[in-house]
Structures are given as C-alpha cells and as structure tokens.
Amino acid sequence: AGAGAAAAKNYGSGGASPPSAAVSTVVQMEGPRQSPESSASSGWSQLYNAVLIGLINGVIVLPVIISFAQIIFRNKYFSGDDCEECMPYLIKLVVLSTMVHQICFTTKSSLKFAIGQVQDAGLIFLSSMASTIVDALVDKGATHDEIIATVLIWLSLGTALLGVSLLLIGHLKLASLVQYLPMPVVGGYLSFIGLYCFEAALSLMTGKSVTTIPDWLQIFNRDSFLLLLPGVGLGVLLVFITNRFHHFLVLPGFLIAIPVAFYVLLYAAQGSLEEARTVLGHGYVARSTGESEFWKVWEHFDFSKMHWSVVPSVIPTWVAMVAIVAFSSSLDVAAIQMSLGRPLDFNHELKMVGFSNLVSGCTGGFTGSYIFSQTIFTMRSGTNSRVVGVVVILFALLTFMMPVSMLAFVPRFLFGAILTFIAIDLCMSWLVYSYKTVRLVEYVIIWLTFIAINALNLEYGMLVGIGIAILVFIFEYSRTRNTQVIACQSNVVRGFRDRSALISCRGSIVVMRVDGYVFFGSALSILREVKTQVLVRVQPSHLAQPVLLRLTDLDRTHPQSVPNAELQSETRFVVLDCSNMTGLDATAARTCFVELKQSLREHNITLTFCSLKPAMERLLQCHKVLCDSETSSCRTLHFDSPHDAIKYCEDELLLNQTWTPTDLTDLLESFLAAPAPFKEFHAQPSSRTDSFCVQKEASSGGPPPTAMYRLSSSSSTTATTTATAAAARTTTPTAMAASTSSSFSSSYAPTASAAAAGGG
C-alpha cells in the first residue's frame with residue numbers, strides 16, 4: 001500500500017501496485033500474519049485480532065476524515081466568523097458519512113474485511129462545487145443559512161445521484177468503459193490533489209486563505225512560519241518513518257503520539273489550552289465553540305432556503321466527478337484483486353460503491369469508496385471477519401456523538417501533518433517516481449494536466465489533459481502499419497495452360513490486407529503504402545524507352561526504374577482485403593480511397609475491395625468509390641471474399657493471354673532448381689534437360705514407372721523403338737510418360753535434388 005496512488009511503490013511483500021486514484025491512508029505495512037498454529041486458535045483469539053485491527057483502522061481513519069472535511073469546506077467563507085459555530089457540525093457530517101459508508105461495506109460487500117470510507121477522489125469536486133455555490137450566492141447577497149443549506153443539500157444530492165449513476169453503470173455491465181479515462185490524466189489530477197491537500201494544510205495551520213500559488217506569499221512571515229513548522233515538519237518525518245519502518249503499528253502509533261506529546265510539552269511549559277488557542281494570533285488549537293449535539297447536524301438541510309438556480313453551474317463538475325469516482329473505484333478493485341489473488345466482478349463491486357454513495361447521500365453525507373490500502377492491510381493481517389468493520393463503525397459513531405468538536409482539543413498541526421504526508425506522497429509518486437513507470441510522452445501528459453488544472457480550473461484542466469492524450473493517441477496510431485502485402489491466389493483448379501499464363505503475369509495482381517480502424521490520421525499512410533506496391537509502365541521525357549516505376553515515384557523529377565524490371569509485371573489489379581478492418585470514417589474514405597481510385601484509373605488499373613462490412617460499403621458508395629459494375633468511368637468493384645476477387649482478376653488476365661507452347665527444358669528450369677552434377681555416373685548430358693535427370697538402367701517388363709523418363713538409347717534396332725525414342729524428345733508430357741512403357745536399357749530419371757526442389 002502507500003499513502004496515495006503510488007505508481008512506483010510496492011505493497012509490502014505483495015508485489016507492485018497499480019496506480020490508483022484513491023489516497024491511501026495506510027502506508028506500506030506488514031500486518032500480523034496467521035501461522036498454522038493461529039489458524040487453529042480459539043474464537044476468542046480471532047475476535048481479539050479482529051478488534052485490534054479494527055482499532056488500528058479507526059485510529060488512522062478519523063484524523064484523515066477530519067482533514068478531508070477541511071478540504072471539502074476549504075472556501076474562506078467557511079473559516080469566517082459566520083461559520084465558526086456550524087463548522088463542528090460540518091465535520092460531524094463527514095464523520096457520519098464515514099460511518100454510513102463503512103456500514104454499507106461491512107454488511108453488503110463480498111469482502112468481509114473491506115474498509116470503505118470517504119475517499120479523496122471526489123473531495124476536490126465536492127470542494128469545487130461548494131466554492132462555486134458559495135461565491136455565486138455571496139454575490140447574490142444570500143443569507144448565511146441559505147448558503148449553508150444550498151451547499152449541503154446539493155453536495156448530498158450530488159452524492160446520491162453519483163450512487164445512482166454507479167448502480168446503472170454496474171447494472172449495465174459498463175465498468176470497462178469507465179477505464180478508458182487516460183491514466184496520465186488521472187495522474188495529473190492526483191498530483192493536483194496533492195497540491196490541494198498541502199494548500200489546505202497551510203490554510204488550516206495559519207488561518208489564511210491559500211488557494212492559489214500567489215496566495216503563498218501570505219505565509220512568508222515569522223508567525224505563519226512558526227505555526228506551519230510543527231505540521232510540515234511532522235508530515236515530512238511521517239513520510240520518512242513510514243518508508244523506513246513497515247510495521248503495522250508505526251502509523252497509528254505516530255498519530256497517537258502527536259497529541260500526547262503536545263499535551264506533555266504544554267504541561268511541561270506550564271501553559272494552558274486557552275493560551276495554545278491564541279498564541280501567534282491563530283493558535284495551535286481551534287477555539288472552542290461550545291457543545292455540538294449530533295442530532296442538530298440535519299437542521300441546516302432546509303429545502304425552503306435552497307437556491308436551485310445555482311445548480312446548472314455545477315453540473316459539469318458533477319459529471320466529471322462521476323467519471324473520476326467510477327474510474328478510481330475500478331482501480332481500487334483492481335488493486336484489491338491483485339493482492340487477493342482471485343478475480344473480482346468489477347460491475348458487482350461498482351454497484352456496491354454506488355449503493356454506499358446512494359445511502360450516504362440520502363443521509364446528508366459525501367462520496368466514498370473502497371480504501372484499497374486499508375482493505376489490503378486488513379486482509380494481510382489474516383482477519384477475514386466483519387468484526388473489523390463493526391469496530392470502525394463504533395469508533396466513528398463515538399466520534400459523531402461526542403458533544404464537543406475534536407478540533408477544539410486536538411492540535412491543528414496533527415491534521416496539517418496528515419495532509420502534508422498525503423501531499424508529499426501524491427506529488428512524489430506522480431510527478432517524480434512515475435517517470436520510471438510510464439513512457440516519456442505519458443509523463444509529459446501528467447505534468448501538462450497538472451499545470452492545466454492549476455492554470456485554468458479542475459474541469460477545463462482535465463479536458464485539456466484528455467485532449468492532449470487523444471492527440472498523442474491519434475499521432476501514434478497513425479504511425480502504425482495498417483496494410484500488409486499478402487501472397488494469395490484463387491481456389492480455382494486451372495489447367496496447365498492457364499497456370500502457365502498466370503505465372504507469367506503473377507505480378508499484375510497486388511493483394512493487400514488492411515487492418516484496424518482507418519481514420520483521418522492513418523488515411524495518408526495507407527494511401528502511400530498501397531501506391532508503393534503498384535507498378536506502372538511510363539515513358540519519362542528524359543529516357544528513350546518506357547520504364548517500370550512505382551506509383552509513388554511518378555512525381556519525382558528523374559524517376560528510376562524498379563530493380564529487375566524485366567522480371568516484373570505491370571500492375572493491372574489492386575485487391576484490398578478488408579476482412580480485418582474494424583471501421584472507416586468519412587475523412588479516410590475521401591482522402592485515401594477516392595484519391596487512390598483516381599490515381600489507379602489514370603493507369604487503367606482496377607481497384608477491388610473484398611469483405612467490406614455493410615456500413616463501410618455504404619460509406620464508400622456515398623463517396624462514389626464503389627460502383628455496382630465495372631464501367632469506363634468507374635473501375636472499382638466489391639466481392640464477398642478475397643478468393644472471389646482474385647478469381648475475377650485472374651479471369652480478366654486470362655482473357656487477354658495467348659497460349660505459347662512451352663519447351664520442356666524451359667518448363668523444368670522454371671519449376672526446378674538447377675541440380676548439382678552427379679559425378680559417379682560420368683555421363684555427358686546430351687541436352688540441357690539431362691542436368692535434371694539421373695542415368696538409370698532398365699529392362700523390358702520392369703515395374704510400372706513412378707517418374708517421368710526421357711529415352712536416351714535403346715539396345716533394340718527395331719523401327720518402333722527408334723520412333724518412340726525420337727518422339728520422346730518432342731512430344732507432350734503425357735505422351736512422353738506413355739513412351740516410358742517401351743523397352744529400353746539406358747534412360748534418365750529425375751534426380752533427387754530436382755525432385756525435392758520441384759515437389760517430386
């Protein structure tokens with residue numbers, strides 16, 4: 001685990017953790033593992049272990065949750081005198097939300113050891129919406145009660161609607177779609193959360209509104225420095241200690257030690273709590289606001305004072321919150337699944353998160369999800385019991401029902417240290433350590449998203465990051481090779497004459513397979529790749545005779561003929577196999593295939609498509625690329641399969657081919673490699689054909705022939721034998737094979753090397 005979504009850290013001994021959008025509140029810890037003896041221990045021992053782990057989780061959760069409350073209600077309006085009395089109730093609402101989330105996860109989750117709390121992924125959006133509402137209503141001159149009512153009602157309503165959205169996403173099994181959000185954009189957002197947490201810590205400890213980088217100038221004075229020093233120093237120390245020591249009691253022990261040490265030092269200095277509340281103007285402890293009864297937290301939810309007119313202005317922020325929370329929850333489930341070692345149903349777990357947010361919103365709470373680090377910590381402790389969740393619930397319930405605010409008795413620098421700890425971990429994990437875990441272009445997107453969010457705002461900054469990620473994808477996908485030349489022939493069984501004719505012009509048909517999605521970014525590269533394979537015969541002005549050129553070389557000033565042009569044929573047909581094409585857009589149809597058709601038509605070359613999907617076929621027809629029949633003005637056809645298209649092309653080629661008798665020697669040399677001489681026979685070949693044969697003695701009445709024979713000499717002097725021998729040199733292959741049945745004493749059979757080269 002790690003405080004924050006650490007892309008480059010390890011889960012203790014659990015292997016590398018995936019980047020996650022959840023701020024982890026448990027650092028890299030090794031829980032007490034069960035041994036074979038403990039697995040057989042009594043129920044009391046297991047109960048004790050569950051209660052202990054629950055207390056540890058509770059000690060960690062509550063300070064973090066109170067710190068998160070400072071983030072949600074970060075606007076300077078909430079730190080003013082008007083909100084001094086209601087701030088304890090706002091904190092109690094966050095604690096209540098924590099309790100509600102844990103109740104839902106403890107009772108409904110498939111993981112008995114699950115820990116679910118208010119999560120940071122939605123905090124920034126809640127804070128942004130709260131600030132937008134406050135600023136709008138202050139400008140309108142709304143009363144304090146109207147502002148608080150509008151903020152609380154919309155935040156709880158937005159959380160409930162978020163829960164409904166997640167339930168629908170899980171029910172429709174669309175969990176995989178929310179994971180399309182680019183990880184570098186999420187990394188830039190999490191880096192911004194780190195900076196946001198640190199600015200919240202500065203505001204909490206100094207009492208000054210620090211919301212932008214220029215606001216930092218306010219803290220460059222002696223009093224602010226002394227107020228910040230304990231919290232920032234303890235936050236840095238906490239980062240060092242948790243990275244150095246991995247025992248499961250390190251973090252909770254440190255959090256308990258801070259307030260204990262504060263009161264010990266206060267007693268030793270003979271100071272009072274009231275002095276600590278006023279020292280340096282702002283004090284190290286918040287002023288007491290008197291009693292805060294828990295049943296009064298809902299008194300501010302007055303729908304009669306709700307200003308619905310401000311809701312449209314925060315809808316874009318709410319939509320972004322849905323996407324981020326859904327994405328971060330999926331990553332939390334992935335992290336738990338990795339450590340658990342068995343698959344989890346992402347859609348089911350997303351519905352679980354949705355149900356929790358729906359209940360939280362209906363009770364006046366805020367967004368939450370699985371806290372993957374504490375869930376994994378509980379799992380590694382060997383505790384598979386819902387008792388852990390019950391203890392956390394009781395811990396939160398006790399805090400919620402306390403008649404006083406914890407801020408009035410716990411030093412501010414405890415919460416400042418926690419926020420500093422989270423800020424350092426998030427910023428270092430994504431802005432520094434992620435350099436080793438992502439590609440350079442992704443690392444740049446992380447920084448650009450982070451800068452854009454700070455320069456613009458949360459929504460526009462993330463849109464800028466997503467836009468940059470899309471442009472990078474388009475550029476890189478357009479560089480991939482989408483075409484491939486394939487050697488293919490039709491499945492028609494043809495005679496020797498047709499085969500010979502097709503072999504002589506085999507280069508006239510260019511067959512290429514088009515893969516993937518063809519869009520505006522890849523259209524030009526596909527056009528260039530196809531043109532490179534097309535050969536045309538032209539008469540350049542600077543040459544005396546026509547030359548064979550590639551179609552891409554026609555625009556050159558002094559084009560050169562292709563190598564071995566005498567062995568290659570001019571292209572007559574281009575066949576595009578689109579069986580692996582997943583899609584086509586209008587821009588590609590226009591810039592690629594329309595231009596390709598025009599270029600090929602100038603050289604009397606027919607463009608043929610095969611295996612087009614209906615939508616692609618309609619698009620090409622709309623752009624006049626495809627025609628129903630071959631005409632003089634449109635030489636583009638479409639077939640159902642590559643074999644049908646190639647058969648058509650072969651038939652067209654054969655119509656214009658004339659049959660020329662082939663000499664036996666030329667035929668053998670075209671099919672068989674020239675064999676090495678067999679020295680053991682010491683025979684002088686009587687013709688070029690002898691190089692493909694081996695001398696063999698045979699007598700009359702032998703076994704049936706198993707090869708093609710050429711009669712070399714005969715011991716018989718009859719006219720019939722002589723005539724047969726003479727015919728053997730000039731007859732067709734069929735007649736020659738028949739002639740081998742005559743009596744002869746010396747002949748040539750195909751050599752072993754020739755048989756191997758020609759398939760026998």
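No side-chain N or O of K76 forms a donor-acceptor pair with one of S203 less than 3.5 Å apart. Under 3.5 Å, the side chains of S522 and S478 contain no donor-acceptor pair of N or O atoms. Y77 and S131 share no donor-acceptor pair across their side chains, judged by distance under 3.5 Å alone. If you check the side chains of T206 and S224, you find no donor sitting under 3.5 Å from an acceptor.
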List the steps and the verdict of side chain to side chain donor-acceptor pair (under 3.5 Å) for K305 and T143. CA-CA 9 Å; K305 298 179 180 179; T143 64; over 6 Å; no
Do V59 and L251 pass the side chain to side chain contact (heavy atoms under 4.5 Å, CB included) test, and can you show the C-alpha distance, the side-chain angles, and the key distance before you say yes or no? CA-CA 9 Å; V59 170; L251 181 59; over 6 Å; no
Step by step, would you call D215 with S209 a side chain to side chain donor-acceptor pair (under 3.5 Å)? CA-CA 7 Å; D215 292 340; S209 178; 5.0 Å; no
What do the steps show when you test Y370 against H101 for side chain to side chain donor-acceptor pair (under 3.5 Å), and what is the final call? CA-CA 9 Å; Y370 282 104; H101 281 298; over 6 Å; no
Applying side chain to side chain contact (heavy atoms under 4.5 Å, CB included) to I71 and F68, what does each step give before you reach the verdict? CA-CA 5 Å; I71 294 178; F68 283 173; 4.1 Å; yes
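The line from SG of C104 to CG of N357 is 9.0 Å long, rounded to the nearest 0.5 Å. The distance from the OG1 atom of T399 to the CD1 atom of I66 is 7.0 Å, given to the nearest 0.5 Å. The CG atom of L161 lies 8.5 Å from the CE atom of M321; values are rounded to the nearest 0.5 Å. Separating the CG atom in L167 from the CG atom in N347 is a distance of 12.0 Å, to the nearest 0.5 Å.
Of all non-hydrogen atoms in W318 and S165, the two that sit nearest each other are CH2-OG, 3.6 Å. Minimum interatomic distance between S329 and S369 (heavy atoms only, all atoms of both residues): OG-OG, 3.0 Å. Residue E349 comes nearest to S109 through the heavy atom pair OE1-OG, 4.4 Å, listed as atom of the first residue, atom of the second, then distance.
Checked against the 6.0 Å centroid threshold, W447 and Y435 do not count as a close aromatic pair. Aromatic ring centroids of F240 and F245 lie 6.0 Å or more apart. Residues Y477 and Y517 keep their aromatic ring centres 6.0 Å or farther apart. No close placement of the F450 and F192 rings is indicated, their centers lying 6.0 Å or farther apart.
Looking at W154, its side chain never comes within 3.5 Å of a backbone N or O of V314 through a donor-acceptor pair. Checking side-chain atoms of S156 against main-chain N and O of L152 turns up a donor-acceptor pair under 3.5 Å. Listed for the S97 side chain is a donor-acceptor partner under 3.5 Å among the backbone atoms of F366. H282 contributes a side-chain N or O that, together with a main-chain N or O of L204, makes up a donor-acceptor pair within less than 3.5 Å.
Salt-bridge annotation for E476 and R439: present, with a side-chain N of the basic residue lying under 4.0 Å from a carboxylate O of the acidic one.
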Pair up each side-chain donor or acceptor in residues 228-238 with any protein partner under 3.5 Å, not counting sequence neighbours, and list the distances.
none

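Checked options Q374, Q102, Q117; the residue passing with N57 is Q374 (criterion: side chain to side chain donor-acceptor pair (under 3.5 Å)).
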